[in-house]
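Here is the structure we will look at.
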Amino acid sequence: MDNAPIGVLDSGLGGLTVWKELRRAMPAESLVYFGDGKNCPYGPKPAEEVIGYVDEAVRFLLDRRAKLIVVACNAATAAAIDHLRATYDVPFVGMEPAVKPAAMTTRSGVVGILATRNTLNGHLFRESVARYGDRVRILSAVGEGFVEIVEANEEDTPGAEMAVRRAIEPMLAAGADRIVLGCTHYPFLAPVMRQVIGDLDVELVDPAPAVERRVAHLLAEHGLEAEAGHRAEYAFFTAADEAYRRKLEAKSRQALTMI
Ligand code: DGL
């Protein structure tokens, strides 16, 4: 039993789409969230640089007694998860695009994967494609501008719709019936994606619930679960400024209203 918090990190606001899943499913667990904010986006940056930022975020979370750390960022996982596991004793849960569930459930045999450049170039993703690519057709694309739109709270604008159209219309035209959200920022754009998809029978695949199940499993395995009825606390930190920290809090409330 351990009432210390679970640490959650991302380049910015995106990891809140995972945070909200943890908060819902584990009401006794305190969560400490680190949204870098200063060095976002990670997606287009060299892996060595991202490893440095993520390492700092992890040390910050460990100083706040994090008992397990969720790297709620596909780009950070692709760059840094091997380094983190080799360096620190605490259990880590990383994220990678949910290629497997999409490939196992597609009826059309065409699956679209949206992610940032680092994730699509990373070995985790390339291994998944090698594993499932002979069974289904996998179309991948960078969600150009998506992270910036979410960071600016501009999901509800014509610019957001244009960016979403540019990324997913080719997938829809090719017959994709599963679109994997391979970046934790992207679920904030799910309402716009659903508008663009219209009445086509296409499912958006968000790995956040699977990550939550993995966290629950590891907590149980390591005997780290909080006491039942423990009063959970939610704290938000950033490498940016106080205005950004308040933005994290506001966005966390928005995340909780998402379906
Ligand atoms: N939210 C991060 C992810 O899941 C990426 C955002 C970024 O490029 O910083 O990949």
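The chain is numbered in sequence order, starting from 1. Owing to the predicted nature of the structure, the values given are computational and were not obtained by experimental measurement. In listed order, ligands and their atoms are each counted from 1.
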Does [X] count as lying over the ring of [Y], i.e. NZ or CZ under 6.0 Å from the six-ring centre, within 45 degrees of the axis?
X    : Y    : result
R64  : F60  : yes
R23  : Y234 : yes
K251 : F236 : no

Practice task
Report the part of V147 (side chain from C-beta onward, or backbone N, CA, C, O) that has a heavy atom under 4.0 Å from ligand 1; answer both or neither where that applies.
Solution key: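 Contact part for V147 vs ligand 1: side chain (C-beta onward).
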
Could you tell me which atoms of ligand 1, counted from 1 in the order shown, lie closer than 4.0 angstrom to a heavy atom of [X]?
X    : result
S11  : 6 (C), 7 (C), 9 (O)
A75  : 3 (C), 10 (O)
D10  : 1 (N), 2 (C)
G43  : 7 (C), 8 (O), 9 (O)
C183 : 1 (N), 2 (C), 3 (C), 4 (O), 5 (C), 6 (C), 10 (O)

Exercise for the section: Indicate yes or no: at least one non-hydrogen side-chain atom of V202 is less than 4.5 angstrom from one of R178. Expected result: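 SC-SC contact between V202 and R178 ruled out.
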
Problem - Side-chain heavy atoms of Y33 within contact of S252, under 4.5 Å - result: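 With C-beta onward as the side chain, the pair stays apart.
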
Problem - atom 2 (C) of ligand 1 - nearest protein heavy atom and its distance - result: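 Of the protein heavy atoms, C73 SG, 3.1 Å lies nearest.
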
Exercise for the section: May I ask you to check if ligand 1 and A72 share an N or O to N or O distance below 3.5 Å? Expected result: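 It does not: no N or O of A72 is found under 3.5 Å from an N or O of ligand 1.
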
Handout entry: Polar proximity ligand 1 side, Y42 side, N/O cut 3.5 Å exclusive
Key =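 Checking ligand 1 against Y42, an N or O pair does fall under 3.5 Å apart.
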
Problem - Of D177, I138, V205, the residue whose pairing with T106 passes side-chain contact (heavy atoms from CB on, under 4.5 Å) - result: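 So, applying the side-chain contact (heavy atoms from CB on, under 4.5 Å) to T106 and each of D177, I138, V205, only D177 qualifies.
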
Practice task
Going by heavy-atom distance to atom 3 (C) of ligand 1, choose the closest among D36, N74, N39, V50.
Solution key: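 When every heavy atom of D36, N74, N39, V50 is considered, N74 comes closest to atom 3 (C) of ligand 1.
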
Practice task
Looking only at non-hydrogen atoms, find the nearest pair between C73 and D10 and report the distance.
Solution key: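 What the structure gives for the nearest pair is CB-OD1, 3.1 Å.
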
